[in-house]
There are 2 protein chains.
Amino acid sequence: MTEAVAGAGNERPARGQLRAALIVESFALLSEKGMAGFSVAELARRLKVSTAAPYRHFRNREALLAVVAAQAADELTRTMETAASAAGPDPVDRLAATAGAYVRHVSDRGAGLDVIFARELRPLRDADLARAGRGLMTLLLDLARQAGHRDPSRALLLLEQLFCLAHGYITLDAADFLTFSRHSPEDVATRATDAATALLRGNAT
Amino acid sequence: MTEAVAGAGNERPARGQLRAALIVESFALLSEKGMAGFSVAELARRLKVSTAAPYRHFRNREALLAVVAAQAADELTRTMETAASAAGPDPVDRLAATAGAYVRHVSDRGAGLDVIFARELRPLRDADLARAGRGLMTLLLDLARQAGHRDPSRALLLLEQLFCLAHGYITLDAADFLTFSRHSPEDVATRATDAATALLRGNAT
DNA sequence: GTCTATAGAGCGATAGAC
DNA sequence: GTCTATCGCTCTATAGAC
């Protein structure tokens, strides 16, 4: 259904659909080039519109990225909720599954914590992005609490460990560091989940 | 002694010293802007030479970065050797200290595994960079072996976990994600070391 | 709402003077 | 070995036509 907006082969979007198409295609571009390599001009080229067209819908590059980041946070929250539910009743399994789901989701969609909490989007003080970011953190803190970390600052430290681990897998995979033993994106997610499980086990004792 | 080459306040380097000064200053620039934000023009500006001058010493941007990356790998190897020695006889402590030293070193120097094994430097097939990268991996595999992981492919997986964790701390710290509880760079290194210890503990059982 | 055209900036890299 | 000057490219963003 996203194809109805953006087109599988990047057909030019129907009139009035450019705003939505820009957001859809932004994820693909982020996934390929990362945040630093993201450009509005490239985005316009892919959608076969002029470089001026995007600026009818977003004040500037940052405003577009803020909308994308907010949507990324919402998506991520839903994906992790689902993964936690599917992982069964053990709260440690649920947390580990969340970390694995993070890796899978970000390697797929290209926008993770680095985009959602990006330094360069902070000055915007975008209300929707702030809301989405808080929603994500709330879910994570809740999962950590259920895993027995009732002290919030302890829970935060555990989450920090867990998501530094998961994010490291994404970053070093993108940098081709994991090429040694890498077979598929799914493979990386599996290894990240295993690592998360070990990390949680080590914190329990 | 590096100041003798680059100058504390970025004085223009003495004639014949530009090549060395370019390498020194590259670390500072990488540390501030990261690999994507690194530019030869900016480097020249900081050293108060023309934008053409660096190209007398390096064929292009990538050739310069390859030399920097090779030196970064050598430095990192030495730093980690030292940290492992200082950590005492327990091989698990030694590995954890290595991860912490990685975080400390990279947050200081700006060039970690992402630079050393960067995708964009791979096509160069630079012999010195390859040597330095192998040296780094050899040290790490050796430390993993001493920690009881005699199967090389098992050892590789453990190292992968450990350095994805450490690198995640660097990346998310750079993205300002750790701002919540962050006090100093040293603080981040300490937390990374704690996380590494937990991860190793979880792998032991 | 989209286009063409353009201003203005930064970068990589080269030519030729000194 | 360093300079000035310049080319060609990409990017962000705006003005004005349609």
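Protein chains get the first letters and strands the later ones, always in sequence-line order, with residue 1 at the start of each.
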*Anything under 4.0 Å to a heavy atom of chain B counts; send over the first and last such nucleotide of DNA chain D, read 5' to 3'.*
D:dT2 to D:dT4

Side chain to side chain contact (heavy atoms under 4.5 Å, CB included) partners of [X], counting only residues at least two apart:
X        : value
B:Ala198 : A:Gln161, A:Leu199, A:Asn203, B:Arg201
A:Arg94  : A:Ala84, A:Ala87, A:Leu143, A:Gln146
B:Asp151 : B:Ser153, B:Arg154

*Answer yes or no: is there a donor N or O on one side and an acceptor on the other, between the side chain of A:Arg119 and the main chain of A:Asp114, under 3.5 Å?*
no

_Going by the rule salt bridge (charged side-chain N to carboxylate O under 4.0 Å, His left out), which residues pair with A:Arg134 if we only count those two or more places apart in sequence or in a different chain?_
none

*asked:* Going by the rule ring pair (Phe, Tyr, Trp, His ring centres under 6.0 Å), which residues pair with B:Phe163 if we only count those two or more places apart in sequence or in a different chain?
replied: B:Tyr102

Show the distances under 3.5 angstrom between N or O atoms of the protein and N or O atoms of nucleotides 9-13 of chain C.
from	atom 1	to	atom 2	distance (Å)
C:dC11	OP1	B:Ser39	OG	3.3
C:dC11	OP2	B:Arg45	NH2	2.3
C:dG12	OP2	B:Val40	N	3.0
C:dG12	OP2	B:Ala41	N	3.1
C:dA13	OP2	B:Tyr55	OH	3.3
C:dA13	OP2	B:Arg61	N	2.9

*Select base, sugar-phosphate, or nothing to describe what B:Arg15 touches, counting heavy atoms under 4.0 Å on all strands.*
sugar-phosphate

Please output the side-chain donor-acceptor pairs of residues 29-39 of chain A that fall under 3.5 Å, not counting sequence neighbours, one pair per line with the distance.
from	atom 1	to	atom 2	distance (Å)
A:Glu32	OE1	A:Arg46	NH2	2.9
A:Glu32	OE2	A:Arg46	NH1	3.2
A:Ser39	OG	A:Glu42	N	2.9

*Would you please name every residue forming a side chain to side chain donor-acceptor pair (under 3.5 Å) with B:Thr79, sequence neighbours left out?*
B:His105

